[in-house]
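These notes concern the structure reproduced below.
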Amino acid sequence: MEFTRKIYETRNEKTLDFVIGFLGWFVFTLILQFAANLLLPGGRFVVGLLSGNDTDIARSLDTVLPILALAINCLPLILNILVLIYFAFTRYWIALGALFAFGALLLIVLLLAAGCFALSSAPYS
Amino acid sequence: MFLGLLVGGLWLFYEARRRRWSKEEMIPIGLAAFVGGMIGARISILFFNGWETAPLVLNFFALFDPRIGPGSILGGVAGGYIGGYITSKIIGKKDCACDAFAPSLALAMSVGRIGDFLAVEDGLGKATDLPWGVPVPGVDYLVHPTPLYDAGFNLLWFGMLIALRDHPKMQDGNLFKLGLAGYAVFRFLVEFVRNNRVIALGLTGQQYFCIALLIALALAFSNQWRGTRRRVSI
């Protein structure tokens, strides 16, 4: 697979792509969350429809469902990594913006966790 | 942990400036190492705690839940290395960026482990009669303060890595490999007084990871040594 890397000529181009990557990552993640929330109950519904009253089919679909749920669970992480790598090779500044968004959110989570710990161990909390 | 990351990050920034990295190199590599580390720390739980943790561990959105701990430091180091390595190749950095990470990691782990001890969360060890055993809520015996063993070792190791960082043989990734090897040996030994899940032959998943890491490092050093000998003999 050949990747054509964008050559950035101006600072504005870099800034624009960075902002696209930064905001786009949040939009992409929200879409993934929405899709995952739809796919899981949707999958269960389809399994229920397919199995009907047949207990054999229901039993075999029962083993498939957790695997399907796990696959749907993994998909956002895998897609995130693949999309990041793709943009890193094609539009570097979009990848950097997305990575910045990802890292910033993780850092906020760590701050919240540290804050919650500090509050819970305060003497008069 | 947050303080550990902050201190480690500041040291990394200092090391990068000392090695004259540009910010166009430092920022993406550091960022990718951080994100890779967080993902690696979480995913490695699958290996150490079993497949039953898969629904939580592989859930992307659970990465952003502050109620859930970050995961294993060993996985974090592996994930961070992979993230940093991929990024350094993408940006075309010629030499290995990882040597700057070696002392930073040791310092970050030293500080972070003190946090683990204070939070009474990760790694408090097995029962002991030793005079430095510590009490733990919920049990009526003293236990090994294993996070403090970790913190103490990492602080000493940080000093050692700082002393060696300018040695000609400790360039081009060798300082990082040495840093990892030292921690892997220490971690293998301290696991015997921790409470992690035993997988087989009395060893925990973390110990098997350390063995695999030491083998990989030995192979890397061996390849490098053979390459040097070939260049010398030509």
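Every chain is numbered from 1, with letters handed out A, B, ... down the list of sequences.
B/Arg194 is not listed as a side-chain neighbour of B/Gln206, based on a closest heavy-atom distance of 4.5 Å or more.
There is no contact between B/Leu3 and chain A, counting heavy-atom distances below 4.5 Å. Using a 4.5 Å cut-off between heavy atoms, B/Leu6 does not touch chain A at all. For chain B, no part of A/Leu84 is nearby; none of its heavy atoms comes within less than 4.5 Å. Proximity to chain B (any heavy atom under 4.5 Å) is shown, for A/Leu107, by both the backbone and the side chain. Only the side chain of B/Phe61 comes within less than 4.5 Å of a heavy atom of chain A; its backbone N, CA, C and O stay farther away. For chain A, the nearby parts of B/Ala32 are the backbone and the side chain; heavy atoms of each come within less than 4.5 Å.
Chain A forms more heavy-atom pairs under 4.5 Å with one residue of B/Ile90, B/Leu5, B/Thr87 than with any other, namely B/Ile90.
A distance below 6.0 Å separates the ring centres of A/Phe18 and A/Phe100. Aromatic ring centres of B/Trp11 and B/Tyr14 lie closer together than 6.0 Å. Ring-centre distance between B/Phe60 and A/Phe102: below the 6.0 Å cut-off.
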Requested in this report: In sequence, state the C-alpha distance, the side-chain angles, and the governing distance for B/Ile29 and B/Phe101, and then conclude on side-chain contact (heavy atoms from CB on, under 4.5 Å).
Outcome: CA-CA 10 Å; B/Ile29 292 174; B/Phe101 282 83; 3.8 Å; yes
Donor-acceptor contacts under 3.5 Å from residues 72-84 of chain B side chains, at least two apart:
from, atom 1, to, atom 2, distance (Å)
B/Ser72, OG, B/Leu74, N, 3.2

